[in-house]
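Working notes, beginning with the structure itself.
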Amino acid sequence: MRYAPGVPMALNPEQQQAVEHGPGPMLVLAGAGSGKTTVITQRIARLIERGTPPRAILAMTFTNKAANEMLERIVRLAGHRAAEATIGTFHAFGLKFLRIESKALGIPDGRFAIFDQADQAGVVREILRTVRGAADRRYDVWAILARISKARNEFVVPDAYEPRLGDEYGEVTKIVYPRYMKALRAFRAFDFDDLVCETVTLLESRDDVRERWQERYRYVLVDEYQDTNHAQLRLVRLLGGGHSNVCVVGDDDQAIYGWRGADVANILEFDQHFAGTRVVKLERNYRSCRAVLEVANGVIQASEGKRHDKRLVATRPDGQKVQMVVGENGEAEAQFIGNESRRLLDEGLKPRDIAVLFRSATQAEAIETAFKGQQIPYRLVGGTQFYEKKEVKDLIAYLRAALNPRDDISLRRIINYPARGIGDVAVERLAQHALANSKPLSWAVERAPTIPGLSPHAANGCKALHAVIEIASRRFAASESPCSIAKGIVSGVRLETDIAAGSGSNAVAARRKGNLDAFLAMLERNDDKLRGVDALGGFLQMMTLQSETDSDDPGNVATLTTIHGSKGLEFDTVFVAGLEEGLLPHARTLDAKASDVEPQDLGEERRLFYVAVTRAMNRLYLCRARTRQARGGPKGAARTPSRFLADVPPEWIESRAVTGFQPASMKSMLDGLAGVLAAIEKA
DNA sequence: CGTGGCCGGCTTTTT
DNA sequence: GCCGGCCACG
């Protein structure tokens with residue numbers, strides 16, 4: 001017996017308590033599938049019904065998808081004016097806040113860029129080039145960025161940063177961190193961490209600002225609270241500090257973002273941060289049949305770390321036993337998932353009821369092949385985001401450069417793309433010249449002909465680049481159609497010609513051009529809304545925080561996603577792929593590299609498995625391969641089953657082995673037959 | 001000095 | 001199978 005999302009159902013007593021709770025702090029410990037979203041949305045609706053103005057409500061989530069869904073459901077429950085509530089991710093809230101308060105930050109017009117990871121990496125790379133002795137050592141910029149991010153979220157300022165003893169990357173970080181912060185400010189850019197940390201800093205340092213925002217938001221709600229980090233905790237405390245009407249919802253068993261600085265202690269010790277907290281536990285599971293639930297309970301009860309004591313209670317029938325499937329190799333595993341899905345679809349299951357979950361995005365490819373083979377429509381969540389695709393980022397870099405003359409990183413990205421004769425030496429010279437005059441790179445590009453030592457060839461290139469950007473910039477200022485301006489850039493620099501030439505195959509070129517067109521189409525759809533520098537700038541800021549899959553309705557298709565990406569979702573049928581040591585738990589967790597920030601947490605891997613299992617409503621398949629070709633390794637390397645499978649209660653399990661069968665290839669057919677024979681012999 | 005071709009290492013997870 | 005870095009050529 002399941003409730004349809006958004007349709008009021010009879011609440012159980014605990015849910016009722018959480019929904020009806022009045023002022024004062026509350027912690028809702030909501031087990032997987034216990035109706036958490038229902039509670040949070042109904043609670044907001046109830047607050048509005050009782051007279052709280054929607055604009056006095058702030059609800060923060062971790063993903064845009066969760067935010068969108070929450071908004072949709074609240075509007076359905078409480079009517080259209082509910083849309084005035086502030087509902088979004090922590091980062092989206094930070095962006096909104098910083099735009100409004102930008103005057104206090106010294107950016108009166110609110111024009112700043114948001115740097116994603118690729119941009120951040122660019123900044124660090126650039127800094128490393130100038131650090132003596134670092135240029136030749138090929139440092140992993142991600143490792144440095146991870147350390148900077150960790151320090152910042154704990155509010156360790158550059159001067160106070162002290163690396164752990166023997167942490168070589170920490171030593172480099174000590175040098176890079178202060179320069180990184182200076183560079184961001186010089187570029188008028190904020191990174192993801194800034195959106196939260198700068199918000200906190202401003203709220204802490206300015207009493208008037210803090211009071212204003214505290215006054216505005218009389219109720220603060222946080223979803224997935226177990227995944228908050230220190231900075232986010234500070235933000236919640238600041239905003240809720242005045243009235244303590246803070247309601248957080250979460251499940252410590254589903255804490256899977258420790259690697260990003262999330263601290264489970266936040267949810268374990270919530271009542272220490274907010275005195276007089278009421279705790280409500282939701283342990284009745286409405287999602288999964290009992291077989292799935294028993295497996296989930298077995299897995300999570302075996303965990304060793306500290307956790308809130310709770311156990312999911314089944315409300316649904318036993319259902320079908322959980323299928324434990326061993327493929328002869330990775331292809332066989334993927335083919336099984338494809339074949340079984342096809343069988344279920346033929347029995348009447350809808351594609352959207354199926355999800356395949358894996359630890360790492362690299363596992364998706366094999367599954368994609370199998371689904372294509374079975375003609376099953378699917379969407380791949382995660383992996384490279386739309387706006388991160390090179391061709392899209394290139395065009396965005398042109399737009400950003402035209403909007404923000406101080407955005408050196410965007411300018412560097414396109415300064416010689418497509419090639420226009422400005423090589424590394426010329427770029428260095430331009431950068432030196434700009435630095436010597438304390439001006440941004442664009443200033444040097446503009447006056448290239450006057451810069452000594454710059455070849456006429458390079459100066460010519462600068463002239464061409466400057467012309468394109470200047471035209472775009474003027475047209476933006478004149479509020480012309482952003483889509484036509486973007487198209488002007490594309491043709492002005494012959495981007496499509498370069499895409500055609502630079503892609504290995506026609507298929508790749510077509511795909512890239514398709515992405516570019518999709519971006520232009522997106523601009524066109526919003527053309528009138530995006531006219532003018534501020535509107536387009538705001539759009540680009542938001543877009544950096546969005547992923548492709550947040551907005552589009554996927555339609556009736558199966559879902560392939562990482563386990564991280566599956567959090568908060570549910571599916572009738574779930575395949576978990578790659579349940580092997582090295583994949584889940586991931587090898588990186590088993591033996592850490594020198595570049596890792598801190599020792600990895602096996603408990604988090606277990607919780608990942610738990611999250612994966614609890615996505616399933618009716619059918620769950622736990623899949624692995626007996627052998628698998630590791631990256632560049634030997635073909636038939638034997639694999640060890642994931643240690644977590646040992647905690648799965650056997651009475652709820654049914655096992656089977658499968659071999660690959662590819663009619664297309666004689667060899668694999670023979671291999672498959674051999675496997676079948678071997679299996680028969682064994683039995 | 002710039003470009004294009006070739007080689008090697010690789011993102012675990014995401015706002 | 002892809003991006004960033006290195007080398008030889010124009």
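The model shown is predicted, which means the values in this text are computed figures rather than measured ones. All values below were derived from every heavy atom in this structure, side-chain atoms included, with hydrogens, water molecules and symmetry-related copies excluded.
The existence of a salt bridge linking A:Arg607 and A:Asp253 is excluded, since no basic side-chain nitrogen approaches an acidic carboxylate oxygen closer than 4.0 Å. In this structure, A:Arg185 pairs ionically with A:Asp194, as a charged nitrogen and a carboxylate oxygen lie closer than 4.0 Å.
With the nearest nucleotide of DNA chain B identified for both A:Ile256 and A:Leu454, A:Leu454 has the one nearer the 5' end. Residues A:Leu608 and A:Gly423 each lie close to DNA chain B; by heavy-atom proximity, the contact nearer the 5' end of the strand is made by A:Gly423.
Protein atom CG of A:Asn229 is 20 Å distant from nucleotide atom P of B:dT13, rounded to whole Å. In this structure, the CZ atom of A:Arg260 is 15 Å from the C1' atom of B:dT11, given to the nearest Å. The nearest whole Å value for the distance from the OH atom in A:Tyr225 to the P atom in B:dT15 is 20 Å. Atom CZ in A:Phe190 sits roughly 16 Å away from atom C1' in B:dT15 (whole-Å rounding).
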**OP:** Report the C-alpha separation of A:Ile144 and A:Leu128 in whole Å, then their side-chain angles, then the decisive distance to 0.1 Å, and conclude whether the side-chain contact (heavy atoms from CB on, under 4.5 Å) test is met.
**Re:** CA-CA 10 Å; A:Ile144 296 169; A:Leu128 282 177; 4.0 Å; yes

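For A:Trp259, taking side-chain heavy atoms from C-beta onward, the closest of the listed nucleotides B:dT15, C:dG5, B:dT13 is B:dT13. For A:Arg125, the side-chain atoms get nearest to C:dG5 when compared with the rest of B:dC1, B:dT14, C:dG5. Taking the side chain of A:Arg512 as heavy atoms from C-beta on, and the options B:dT11, B:dT15, C:dC3, the nearest nucleotide is C:dC3. Comparing B:dT14, B:dC1, B:dT15 by their closest approach to the side chain of A:Val425 singles out B:dC1. Between B:dT13, B:dG2, B:dT3, one nucleotide has an atom nearer to the side chain of A:Asn416 than all others, and that is B:dT3. Here the side chain of A:His564 is nearest to one of B:dT3, B:dT13, B:dC1, namely B:dT13.
A:Ala426 comes within 4.0 angstrom of sugar-phosphate atoms only, judged by non-hydrogen atoms across all strands, and of no base. Using a 4.0 Å heavy-atom cutoff across all strands shown, A:Tyr257 reaches sugar-phosphate atoms only and no base atom. Residue-level contact check: A:Arg607 touches neither bases nor backbone, having no heavy atom under 4.0 Å from any strand.
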Original post:
Dot-bracket for DNA chain B, 5' to 3', counting Watson-Crick or G-U wobble pairs under 3.5 Å, with [ ] for crossing pairs and | for inter-strand pairs?
Top reply: |||||||||......

Distances under 3.5 Å only, N/O to N/O: pair up the protein atoms with those of nucleotides 6-8 of chain C.
none

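Scored by the side-chain contact (heavy atoms from CB on, under 4.5 Å) test, A:Ala419 finds A:Asn416 as partners (sequence neighbours excluded).
Under the 6.0 Å cut-off for aromatic ring centres, A:Phe190 and A:Phe115 do not qualify, their centroids lying 6.0 Å or more apart.
Going from atom CG of A:Asp394 over to atom CZ of A:Arg512 covers 9.5 Å, rounded to the nearest 0.5 Å.
To the nearest whole angstrom, the two C1' atoms, one in B:dT11 and one in B:dT15, are 16 Å apart.
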